[in-house]
Amino acid sequence: MSLFSDCVVDKLRVGWIGLGAMGGEMARNLQAHRTALGLSPISVYNRTASKCDALAMLGAQACGSASDVANASDVVFLSLFDGDAVKSVVTEILDSSATGMQPLLIADLTTVHPDSTQWVLDELDRRRRECALPRPVEFSQTPVWGAPPAAKAARLVFVSSGASRSVLASLAVPAFARAAIDCGDDVVRAAKFKILGNFMIASTVETLGEAMAVAEETGIGRELYLEFVKEMFPIPPAVGYATKMAEEGGDASKTNVGFTVRGGIKDVGYAIDLAKSAGMRLPIAELALEHLQWVNDKGDPNWDWSSLAFALRKK
C-alpha cells in the first residue's frame, strides 16, 4: 500500500541526489518546471559540491549531504552510477534521517542490477522488523531511457514502479520526461525491464559498429552508410550512434560522449547476468561486451560506447 495515496503532488517537497551528465540535466529541468509553477524548490546534493552551484542559481537548495536532502524532502530522486553507490546513499539516508511520521519516498533512477534493488527492499524490511526506521520509507525503481541530449530537452522515457508510481510519474512528466511507462508494483521488475531495454540499445550499437567497419573496409565508406541509416532507421539511437561512428573518421565517438565505455560494460554485463538467471544467453551482448572491453583496455573507458567500432577496426 502506498504511503502517498492521499498526498497532494504539488505540495510534496522534492530532493535530488546525483548531478552527473544525466542527473544534472534532469534536476535542472525539474527545478525550472517547479519554479514556473510556483512550487517549492528542490533540495540537491552531489559529492562534488560545485555541481550544485548552477542549480542553486536557478533557485534550488544546495545541501551538504544526502541525509540533509532526505530530511528536507518527501520524495528523493537518486541518479547515481551503479548499485554500490545506491546502497551507500540509501544506507546513509536510513542511518541519518530525522525521526518523525512524515513518510519518505526514495525513487532510484540509476540503472542497477536487480540484486541491488532487492538488497534495498530487504534492508528496508529488516529495519522495519527491528523498528530501526526513523520514519516510514518507501522505495521505487524508476529508471529512464535517453541520452544526455534527451535529458537536456526533457525528452526522456520514465519507468514508474512501486506502490506510489502514479505520484512519481506526475513528478517526472513533463518536468524532465516526455512519457512514463507503468511497470506495476514490482520494483525489481523495473530494474530488469531497464536492463533489457538497454540491451536493445547495445545491440544497435554493436550492429552499427560491425556494419560501419565492413563499410569502411569494402569501399562503401562510413559516411555513405550513415545516409542509409538516416533514411531507413530514422530514430535517435540509430542515427545518433551511427553519426558518431562516421564523423571525424570515427573520432567523434571519442569526444562526443553521451554514455561511456565503462557504463556500457556495466550495463551489458547486467543484461548477460539477467539472461543467465533465466537459463539463457544473449550472444549479441557477449560480442558487445568483448568489443567494449577491448576499447576499455586499448583505448579509453571514458570514450562514448559507440567507440566499440574501433575494436572491430582494430585501431
Side-chain angles (χ1 to χ4, degrees), residues 1-17 26-27 29-31 33-34 36-44 61 66-79 86 89-91 93-94 96-110 112 114 116-144 154 156-194:
M1 180 178 176
S2 171
L3 297 174
F4 292 81
S5 55
D6 297 325
C7 77
V8 177
V9 174
D10 284 353
K11 294 187 179 299
L12 292 173
R13 301 170 300 157
V14 181
W16 198 283
I17 298 171
M26 287 187 279
N29 285 331
L30 179 58
Q31 175 58 37
H33 178 77
R34 293 179 69 82
L37 295 180
L39 304 179
S40 61
I42 65 173
S43 300
V44 297
Q61 178 65 49
S67 57
D68 286 346
V69 171
N71 289 333
S73 306
D74 303 306
V75 179
V76 175
F77 287 99
L78 310 182
S79 181
V86 171
V89 169
V90 168
T91 298
I93 289 172
L94 299 182
S96 307
S97 288
T99 302
M101 293 305 296
Q102 187 68 26
L104 173 66
L105 174 56
I106 301 173
D108 183 23
L109 299 151
T110 314
V112 297
S116 295
T117 305
Q118 189 60 57
W119 181 90
V120 175
L121 298 177
D122 291 344
E123 180 66 7
L124 285 172
D125 284 343
R126 181 187 69 80
R127 293 186 184 230
R128 289 190 190 102
R129 290 194 306 270
E130 297 174 2
C131 298
L133 282 177
R135 62 192 284 199
V137 178
E138 185 178 323
F139 180 80
S140 291
Q141 199 68 51
T142 55
V144 295
L156 298 169
V157 175
F158 178 83
V159 177
S160 186
S161 74
S164 297
R165 59 191 181 277
S166 61
V167 172
L168 294 169
S170 295
L171 289 171
V173 181
F176 62 85
R178 64 175 175 83
I181 299 177
D182 188 332
C183 203
D185 283 341
D186 187 346
V187 299
V188 176
R189 183 187 184 205
K192 296 176 181 178
F193 184 37
K194 176 59 162 66

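Just so you know, these numbers use all the heavy atoms, side chains as well, and skip hydrogens, waters and symmetry mates. On a predicted model such as this, the values are computed, not experimentally measured, just so you know.
- Between the CZ atom of F193 and the CG atom of D186 there is a distance of 12.5 Å, given to the nearest 0.5 Å.
- Expressed to the nearest 0.5 Å, how far CD of Q102 lies from CZ of R13 amounts to 5.5 Å.
- The CG atom of D108 lies 11.0 Å from the CZ atom of F77; values are rounded to the nearest 0.5 Å.
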#### Entry: Derivation and outcome, side-chain contact (heavy atoms from CB on, under 4.5 Å), residues Q31 and V44
CA-CA 10 Å; Q31 175 58 37; V44 297; over 6 Å; no

### Step-by-step side-chain contact (heavy atoms from CB on, under 4.5 Å) determination, L94 to R127
CA-CA 9 Å; L94 299 182; R127 293 186 184 230; 3.4 Å; yes

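- Taking a cutoff of 4.0 Å between a charged side-chain nitrogen and a carboxylate oxygen, D185 and R165 qualify as a salt bridge.
- C183 contributes atom SG, which lies 12.5 Å from atom NZ of K194 (distance to the nearest 0.5 angstrom).
- Under a cut-off of 6.0 angstrom, the local environment of CZ in R189 is sparse, with at most 12 non-hydrogen atoms contributed by other residues, nucleotides or ligands.
- R135 places no side-chain N or O within 3.5 Å of a backbone atom of M101 that could act as its donor or acceptor partner.
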### Message
Let's go through L105 and L12 carefully: what are the C-alpha distance in whole Å and the side-chain angles of both, what is the deciding distance for side-chain contact (heavy atoms from CB on, under 4.5 Å) to 0.1 Å, and is it a yes or a no?
### Response
CA-CA 10 Å; L105 174 56; L12 292 173; over 6 Å; no

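- When atom types are taken as modelled, the side chain of R34 and the backbone of S40 share a donor-acceptor pair closer than 3.5 angstrom.
- Under the 3.5 Å distance criterion, the side-chain polar atoms of R126 are left unmatched by any main-chain donor or acceptor of A132.
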### Task
Apply side-chain contact (heavy atoms from CB on, under 4.5 Å) to the pair L109 and W16, showing each step before the final yes or no.
CA-CA 10 Å; L109 299 151; W16 198 283; 3.5 Å; yes

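- At least one donor-acceptor pair under 3.5 Å links the side chain of S140 to the backbone N or O of S161.
- Remark: the backbone N or O of T110 is paired with a side-chain donor or acceptor of Q141 at under 3.5 angstrom.
- Annotation: the span from T142 atom OG1 to I181 atom CD1 amounts to 13.0 Å, rounded to 0.5 Å.
- In this structure, D68 CG and S73 OG are separated by 10.0 Å, a value rounded to the nearest 0.5 Å.
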